[in-house]
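Reading through the structure tokens given below for one structure.
Predicted model only: the values in this text are computed from it and were never measured.
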Amino acid sequence: MKKRIFALVDCNNFYVSCERLFNPKLAHRPVVVLSNNDGCIIARSNEAKALGINMGTPYFKAKNFLHRHRVKVFSSNYPLYGDLSRRVMTTLQQLEPEMEIYSIDEAFLRLPPDSGMNLNILGRQIRTTLKQHTGIPVSIGLGSTKTLAKIANRFAKKFPEYNGLLDLTAVDPDPFLNRCEINDVWGIGRGHAERLRARGVHTALDLTRRDDGWIRKQLTVTGLRTAMELRGISCISLEKEGKKKSISSSKSFGYQVETLNELREALATYITQAAVKLRLQQSTTGCLQVYLTTNRFSKTQTLYATRETINLAEPTANTGTLIKHGLERLQKIYRPGLRYQKCGVVLTNLVPAKSRQLNLFFKPDKRQSELMAAVDRINTRWGRHTIQHAAAGFTKPWQHRQEKKSPAYTTQWQDLPMVKASWPDSLLPDTFR
DNA sequence: TCTGGGGTCCTAGGACCC
DNA sequence: TCTGGGGTCCTAGGACCC
């Protein structure tokens with residue numbers, strides 16, 4: 001069997017790199033990007049990391065520190081990051097069609113094993129092309145399994161001597177596994193890492209040397225797969241199929257919401273968003289879950305968190321139908337007198353729109369799907385809130401504001417960056433003189 | 001005052017069936 | 001006195017990921 005080679009291409013400090021792309025003054029300055037609601041720090045430039053700012057720190061706790069160190073702070077600007085991610089992925093796919101988009105800023109590639117091409121040169125080409133075409137810097141790790149490619153990528157990113165690229169298929173990986181802390185292994189989270197350390201497993205290499213039965217007992221089959229992957233036996237394949245198996249939409253409120261009316265508007269809004277994503281991947285949903293929760297950090301109010309699952313008689317992607325079912329159930333779980341922090345929706349049991357199982361008594365209404373298609377077309381063309389169900393509300397005061405958001409440089413005409421150029425007369429073509 | 005959002009996969013345990 | 005056992009399906013919850 002031919003040796004497999006996986007590459008993990010990961011954008012460096014992706015959200016920060018996106019902000020810097022249109023704001024070159026940010027280069028070499030510490031920069032952080034906040035989560036939705038300006039809640040937590042979710043991206044940091046190298047300079048911010050060097051200041052000791054941790055991933056996931058609540059913004060309100062770090063605010064003074066950031067100000068003191070003149071750290072530039074941004075709310076997250078998902079239209080911008082999403083658009084730049086699409087550009088990166090499109091460019092990458094042109095270079096290497098065997099690709100899996102793993103997250104907004106990461107992709108796995110499967111490289112042809114016998115291409116005769118020097119992998120180092122190929123990797124450098126990918127980095128250079130991405131930088132030229134999109135302006136986004138990336139790091140690349142190569143390994144005989146996805147888990148090893150992940151580890152290679154960590155080293156490539158962290159240590160400047162690798163210059164953004166490490167190929168673990170060309171060397172003995174053991175010394176690297178020995179330098180890799182167990183909690184830095186892909187698939188080993190905090191809980192498992194603690195458990196393993198208590199039993200003498202401190203590095204990735206330690207894990208590879210344990211007995212299969214023991215690993216399975218401690219970490220279940222997922223952990224065993226990870227261990228096999230670290231030993232160079234590929235167990236996790238490239239997933240090219242991009243369709244989601246579940247779709248969710250939720251957001252924390254801008255303030256503590258108490259009335260059923262506000263909750264209804266918010267839930268209808270999230271159902272609308274989820275339904276758009278559903279139709280975008282040409283699926284229908286057979287199951288709708290709605291949930292509702294009070295503030296989980298509150299010290300004065302007991303936590304109320306509940307959800308309702310609705311199995312639909314026949315799968316649908318119709319926003320109106322989904323809103324109707326969702327609001328009915330919301331009524332059931334609403335408790336007056338509580339202050340709610342968040343609600344949301346999860347769509348599961350997704351089936352392709354073309355092959356859904358119809359109910360014996362169900363007459364497919366072609367006009368309904370045509371209506372949805374028309375609404376989607378209009379909202380794509382004119383902006384996503386141009387047409388909506390009245391149930392989703394109009395002013396939406398419960399929505400959260402994002403106070404430090406950069407412009408939508410690439411997705412809004414009015415936000416396009418302006419380039420000012422001045423040329424000495426001698427360089428201008430005759431027609432401009 | 002202020003702590004994100006969107007995913008995947010696995011397992012235990014209950015319901016149900018024969 | 002004394003009431004089975006094994007299989008399958010579903011779901012909630014947990015762990016992990018970015």
I want to verify a distance call: between [options], whose nearest atom is closest to the [X] side chain?
X	options	result
Phe60(A)	dT3(B), dG4(B), dG6(B)	dT3(B)
Ser252(A)	dT3(B), dG4(B), dT8(B)	dG4(B)
Lys251(A)	dG5(B), dC18(C), dG7(B)	dG5(B)
Tyr102(A)	dA15(C), dC18(C), dT3(B)	dC18(C)
Lys244(A)	dC18(C), dG7(B), dC2(B)	dG7(B)
Ser248(A)	dG7(B), dC17(C), dC9(B)	dG7(B)
Thr220(A)	dG6(B), dC10(B), dT8(B)	dC10(B)
Arg307(A)	dG13(C), dT3(B), dG6(B)	dG13(C)

Report the distance from atom [atom1] of [X] to atom [atom2] of [N], rounded to the nearest whole Å.
X	N	atom1	atom2	result
Arg190(A)	dG14(C)	CZ	P	15 Å
Leu350(A)	dC9(B)	CG	P	12 Å
Tyr81(A)	dG6(B)	OH	P	16 Å
Ile310(A)	dA12(C)	CD1	P	12 Å
Asn64(A)	dC2(B)	CG	C1'	12 Å
Ile101(A)	dG7(B)	CD1	C1'	14 Å
His192(A)	dC17(C)	NE2	P	9 Å
Gln289(A)	dC10(C)	CD	C1'	12 Å

Should [X] be listed as having a side-chain N or O under 4.0 Å from OP1 or OP2 of [N]?
X	N	answer
Lys342(A)	dT3(B)	no
Lys150(A)	dC17(C)	no
Ser103(A)	dG7(B)	no

Within the 4.0 Å heavy-atom criterion, would you say [X] contacts the bases, only the backbone, or no part of the nucleic acid?
X	value
Val346(A)	nothing
Asn311(A)	sugar-phosphate
Ile247(A)	sugar-phosphate
Leu34(A)	nothing
Ser249(A)	sugar-phosphate
Val185(A)	sugar-phosphate
Thr309(A)	sugar-phosphate
Arg225(A)	sugar-phosphate
Asp38(A)	nothing
Lys63(A)	nothing

[Y]/[X] salt bridge by N-O under 4.0 Å criterion:
X	Y	answer
Arg20(A)	Glu47(A)	yes
Glu19(A)	Lys72(A)	no
Arg87(A)	Asp83(A)	yes
Lys240(A)	Glu98(A)	yes
Asp212(A)	Arg231(A)	yes

Of Tyr291(A) and Gln256(A), the one whose closest DNA chain B nucleotide lies more 5':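 The residue mapped nearer the 5' terminus is Gln256(A).
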Position toward the 5' end of DNA chain B (nearest nucleotide), Asn37(A) or Lys243(A):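 On the 5' side of the pair lies Asn37(A).
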Name of the residue among Lys157(A), Arg154(A), Lys150(A), Arg179(A) meeting salt bridge (Lys or Arg N to Asp or Glu O under 4.0 Å) with Asp184(A):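 The option that passes is Arg154(A).
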Between Gln341(A) and Tyr304(A): side-chain donor-acceptor atoms closer than 3.5 Å: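 No, no side-chain donor-acceptor contact under 3.5 Å.
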Polar side chain donor-acceptor pair, Asn12(A) to Ser139(A), under 3.5 angstrom: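 Asn12(A) vs Ser139(A): donor-acceptor pair found between side chains.
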Separation between the C1' atoms of dC16(B) and dG4(C), rounded to whole Å: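 My reading of the C1' atoms in dC16(B) and dG4(C) gives 15 Å.
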Rounded P spacing from dT3(C) to dC17(B) in Å: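 Per the computed distance, 23 Å lies between those P atoms.
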dC9(C): pairing nucleotide in any strand, Watson-Crick or G-U under 3.5 angstrom: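 Across all strands, the one nucleotide that pairs with dC9(C) is dG14(B).
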